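Residues take their numbers from the sequence shown, with the count starting at 1. Model, not experiment: these values are computed from the prediction. Whatever order the structure lists ligands and atoms in, that order sets their numbers, starting from 1.
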Amino acid sequence: MKRVAGLISAICLVAASASAGDGTRTIGHSVNDRSIIVRRIGPRDANHTALIVGVIHGNERSGTAILRRLRSMRLPDDVSIWLVDEMNPDGAAANTRQNARGVDLNRNFPYHWQAQGRPWDTYYSGPEPLSEPETRAARRFILNHNPDITIWYHQHMALIVKSRGDLRLERLYAREVGLPLRDIGPLPGTAVEWQNHRFRNKTAFVVELPAGSLSLRAVRRHARAVIEVTIRSL
Ligand SMILES: [Zn+2]
């Protein structure tokens with residue numbers, strides 16, 4: 001009986017996390033029911049953790065090359081990195097900035113959210129904070145895992161956006177990849193501003209990659225920079 005109960009709870013556990021057993025799991029679904037998938041590289045109990053998001057604006061996808069590179073690298077023992085290739089899989093499939101309802105997901109987070117625009121406008125905020133399933137999946141994952149570092153890749157301003165996280169780490173990343181660190185002013189409803197407000201001792205920032213695809217050299221520098229800032233996170 002005990003064995004049966006153990007088996008049932010093991011099955012339930014697998015179902016609850018939708019795990020493939022290798023650190024890969026589905027954290028939510030898009031408007032069009034595409035899976036939002038996270039892969040963990042490195043040990044589950046590492047002291048330094050990062051979440052790296054390749055795509056939130058579906059027409060800004062160069063960051064995925066950095067995530068591919070990270071998957072092939074051996075990490076330092078004490079580092080664990082969660083990789084989400086596409087937080088906006090519908091937008092990535094359709095090559096649109098917005099999700100399938102025309103919402104700019106990076107204006108849909110709950111901190112300083114402001115109603116802006118209409119569906120398919122560049123900065124359409126959605127009808128209310130967290131109205132979109134992709135934003136809710138991201139929020140849930142971040143609340144559950146509380147990564148020390150979060151990096152969101154965008155294009156194509158070719159700079160690191162100064163955030164309210166640990167400036168020392170943002171400066172380090174900028175130096176490692178040879179891009180400037182710039183303040184582009186407060187924006188409503190962004191993932192990074194919500195995270196840095198919600199988790200005061202953690203750091204989330206945006207990396208604006210240049211236009212076009214990255215050179216292999218650039219991909220390597222960014223992947224190294226991700227690991228460097230993760231190791232140095234407190
Ligand atoms: Zn963007």
Donor on one side chain, acceptor on other, Asn108 and Thr135, under 3.5 Å: yes
Parallel, tilted or perpendicular: rings of Tyr173 and Tyr153 (30°, 60°): tilted
Atom name in His57, limited to N/O/S, at shortest distance from the Zn ion (ligand 1): ND1
N, O or S from Glu60 under 2.8 Å to the Zn ion (ligand 1): yes
Within one Ile-Leu-Val-Met-Phe-Trp-Tyr cluster: Ile227 and Leu51, side-chain cutoff 4.5 Å: no
Salt bridge (Lys or Arg N to Asp or Glu O under 4.0 Å) evaluation trace for Asp85 with Arg39: CA-CA 9 Å; Asp85 280 352; Arg39 292 183 179 81; 3.7 Å; yes
Name, closest N/O/S atom of His154 to the Zn ion (ligand 1): ND1
